[in-house]
Amino acid sequence: MSLSYPEPGSYRDPSGRIFYKDGRVLRTVTEYGRHAYEKTRGSRAVWEAVNDGRIIDSTELNDADELCPTTGDAYVLEHPRIPFISYPYEWSFRQLQAAAVHHLDLQIELLSEDIALSDASAYNVQFVGSKPILIDRLSLVPYQPGQLWFGHRQFCEQFLNPLLLRSLTGIPHNDWFRGSLEGIPTKHIASLVPLGKLLSWNILSHVVLPSKLDAKSLSAPDAAIARVNKKPHLSRLGYEGLLRQLRNWIFHLRPKNSKTTWGTYAEDNTYSDDEAVQKRQFISEFSSAVRPNKLIDLGCNTGNYSIAALQSGASYVIGFDFDQTALDRAFSRASEANLNFLPLWLDAANPSPKQGWDQSERSGFSDRSRVDAVIALAFEHHLSLAKNIPLKNVVDWVIDIAPEGIIEFVPKDDETVQRMLALRDDIFSEYSIEAFRNFISERAKIVTEKTISKSGRTLFWFSRYSYDEKWRAGA
């Protein structure tokens with residue numbers, strides 16, 4: 001049996017840590033966290049939230065000593081695996097909004113049974129398909145009458161402020177959040193608030209005043225410590241009112257400047273109806289034959305082909321795209337139809353890196369993206385032609401993701417490529433279908449290929465060579 005190994009990102013919590021062993025997800029509960037866990041585990045509200053899939057399920061284990069290397073733990077729990085771990089800087093506006101509302105709704109519901117959340121980290125929320133779920137069971141603690149909402153600052157930095165960045169300025173939160181793992185500081189958002197919004201009660205109470213208090217704390221730290229030591233109280237009614245007011249505000253936020261280049265691509269593209277039908281049929285045949293447990297759709301747009309893969313045999317699809325509006329639409333489709341489809345933001349030329357302490361708290365894209373199948377449709381030319389990444393490198397990168405897949409080649413004669421090259425020199429002498437075919441053949445067997453457009457767009461179904469096959473072929 002293999003050894004247990006810890007989740008690097010769980011080291012901060014004194015109540016317990018996450019471990020992995022033989023594909024199982026284990027959580028220790030330390031003596032520090034015992035009291036809160038025992039006080040909250042029997043709650044009706046917790047049980048209902050677990051049963052509805054809003055809080056992750058957990059099972060207490062009897063063979064704890066054999067599973068986890070730590071000693072002196074009060075309990076060891078086992079959790080079901082989340083199909084794909086994602087981070088707030090990979091979510092669209094609508095996803096981050098849904099996660100924020102989910103967090104607040106849980107707090108309001110749990111407060112009725114004297115339970116609060118010890119923090120408000122966006123990283124404690126994951127998505128199973130389109131459904132948000134709280135994964136940190138140990139953040140549930142007994143509510144103390146009169147206590148303040150100690151997670152308010154963290155909630156603002158990791159949920160509210162990123163949403164306001166897009167809602168007030170039209171700037172997506174992803175790059176900013178990825179560059180600052182603790183979220184977007186309130187003082188930064190305060191400096192961006194338009195003059196016409198400064199008198200809004202919500203902006204005043206959650207952005208402007210907290211920012212001014214932070215500034216005062218820096219200039220007069222002794223006075224700030226004295227204010228904290230006075231131990232101000234907040235009634236339960238006031239606590240709940242704060243949560244409800246914030247929830248209502250966030251629920252009605254809308255992204256500014258939501259019109260994007262590819263947001264309507266599913267309806268406005270260079271395909272004829274017949275070509276789109278052929279493409280969908282090819283994806284369906286592939287998914288039906290391979291029946292992948294997890295499939296990645298690179299350049300998923302609003303999810304047309306992700307959904308086709310799900311309908312034909314794929315169990316779970318993770319879609320990636322750069323366009324914010326397309327992702328919001330894809331997430332809405334997944335939510336409305338309750339699909340096992342998780343659309344995420346990705347800059348494929350600069351994927352999410354390993355980050356955090358010791359570069360291990362947050363896993364990079366490559367560490368999380370090894371799946372059973374991949375489709376990359378109308379995708380490679382955006383890297384090879386728009387980003388000057390060598391075509392061979394693009395092909396290798398896609399094939400590394402999964403042993404089975406489909407890659408679409410878009411030739412230079414295609415209308416979309418012609419527009420891309422209209423204002424620049426054509427320096428891509430090696431960009432051809434012959435080279436593309438050869439690059440695939442170096443790494444994989446081409447099961448079949450199909451030309452689906454008059455311009456020569458061609459779909460390649462590949463099956464990656466095993467090491468033995470490469471050795472026999474003399475590679």
Salt bridge (Lys or Arg N to Asp or Glu O under 4.0 Å) between Asp367 and Arg362, worked out = CA-CA 10 Å; Asp367 293 328; Arg362 309 294 172 216; over 6 Å; no

Starting from the C-alpha separation in whole Å, work towards a yes-or-no answer on side-chain contact (heavy atoms from CB on, under 4.5 Å) for Ser211 and Lys187.
-> CA-CA 5 Å; Ser211 176; Lys187 65 179 180 180; 3.8 Å; yes

Check the pair Leu134, Leu140 against side-chain contact (heavy atoms from CB on, under 4.5 Å), reporting the backbone distance first and the verdict last.
-> CA-CA 10 Å; Leu134 182 76; Leu140 276 61; 3.7 Å; yes

With side-chain contact (heavy atoms from CB on, under 4.5 Å) as the test, would you mind laying out the steps for Phe462 and Lys445 before giving the verdict?
-> CA-CA 6 Å; Phe462 72 82; Lys445 172 186 176 183; over 6 Å; no

Please walk me through it: do Gln355 and Arg178 pass side-chain contact (heavy atoms from CB on, under 4.5 Å)?
-> CA-CA 9 Å; Gln355 296 194 99; Arg178 189 169 74 173; 3.4 Å; yes

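With rounding to the nearest 0.5 Å, the separation of CG in Asn161 from CD1 in Ile189 is 5.0 Å. Residue Phe286 holds its CZ atom at 11.0 Å from OG of Ser312, rounded to the nearest 0.5 Å. Note: Glu404 CD to Trp461 CH2 = 8.0 Å, rounded to the nearest 0.5 Å. In this structure, CD in Glu90 is found 9.0 Å from CG in Asn174, a value given to the nearest 0.5 Å. Annotation: the span from Asn202 atom CG to Gln245 atom CD amounts to 4.5 Å, rounded to 0.5 Å. Distance check, rounded to the nearest 0.5 Å: OG1 of Thr302 to CD1 of Ile307 gives 7.5 Å.
Applying the side-chain hydrogen bond (donor to acceptor under 3.5 Å, both in side chains) test to His152 and every residue at least two apart in sequence or in another chain returns His206. For Trp91, the side-chain hydrogen bond (donor to acceptor under 3.5 Å, both in side chains) partners two or more places apart in sequence, or in a different chain, are Ser86. Every residue two or more places apart in sequence or in another chain was checked for a side-chain hydrogen bond (donor to acceptor under 3.5 Å, both in side chains) with Arg254, and none qualifies. Considering only residues two or more places apart in sequence or on other chains, Ser180 meets the side-chain hydrogen bond (donor to acceptor under 3.5 Å, both in side chains) condition with none of them.
Judged purely by atom type and a 3.5 angstrom limit, Asp136 uses its side chain to pair as donor or acceptor with the backbone of Leu138. A donor-acceptor pair under 3.5 Å is formed between the side chain of Asp372 and the backbone N or O of Asn293. In this structure, Thr186 contributes its side chain and Val207 its backbone to no donor-acceptor pair below 3.5 Å. Thr169 contributes no side-chain N or O that, together with a main-chain N or O of Arg166, makes up a donor-acceptor pair within less than 3.5 Å. Thr28 contributes a side-chain N or O that, together with a main-chain N or O of Arg17, makes up a donor-acceptor pair within less than 3.5 Å. In this structure, Arg137 contributes its side chain and Ser58 its backbone to no donor-acceptor pair below 3.5 Å.
Ser315 and Asn340 share no donor-acceptor pair across their side chains, judged by distance under 3.5 Å alone.
Classified by interplanar angle (parallel below 30°, tilted 30° to 60°, perpendicular above 60°), the ring pair Phe365/Phe320 is perpendicular. Tyr143 and Tyr239 have perpendicular rings, their planes meeting at more than 60° on a 0 to 90° scale where under 30° would count as parallel. Taking the six-membered ring where the residue is Trp, Phe127 and Phe331 present perpendicular rings, their angle passing 60° and hence far from 30°.
Ile375 pairs with exactly one of Val398, Ile407, Ile283 by the side-chain contact (heavy atoms from CB on, under 4.5 Å) rule, that one being Ile283.
Listed by first then second residue, pairs satisfying salt bridge (charged side-chain N to carboxylate O under 4.0 Å, His left out) with a partner in residues 43-55 read Arg44-Glu48, Arg44-Glu113, Asp52-Arg54, Arg54-Glu109, not counting sequence neighbours.
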Only distances under 3.5 Å count here; give the side-chain donor-acceptor pairs of residues 115-123 to other protein atoms, sequence neighbours excluded, each with its distance to 0.1 Å.
| from | atom 1 | to | atom 2 | distance (Å) |
| --- | --- | --- | --- | --- |
| Ser118 | OG | Ser139 | O | 3.4 |
| Asp119 | OD1 | Asn124 | ND2 | 3.0 |
| Ser121 | OG | Tyr123 | N | 3.1 |
| Ser121 | OG | Gln158 | OE1 | 3.4 |
| Tyr123 | OH | Leu181 | O | 2.9 |

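The shortest non-hydrogen separation linking Ile133 to Val128 is CG2-CG2, 4.1 Å.
Cation-pi contact between Arg247 and Phe251: present, with separation from the ring centre below 6.0 Å and deviation from the ring axis of at most 45°.
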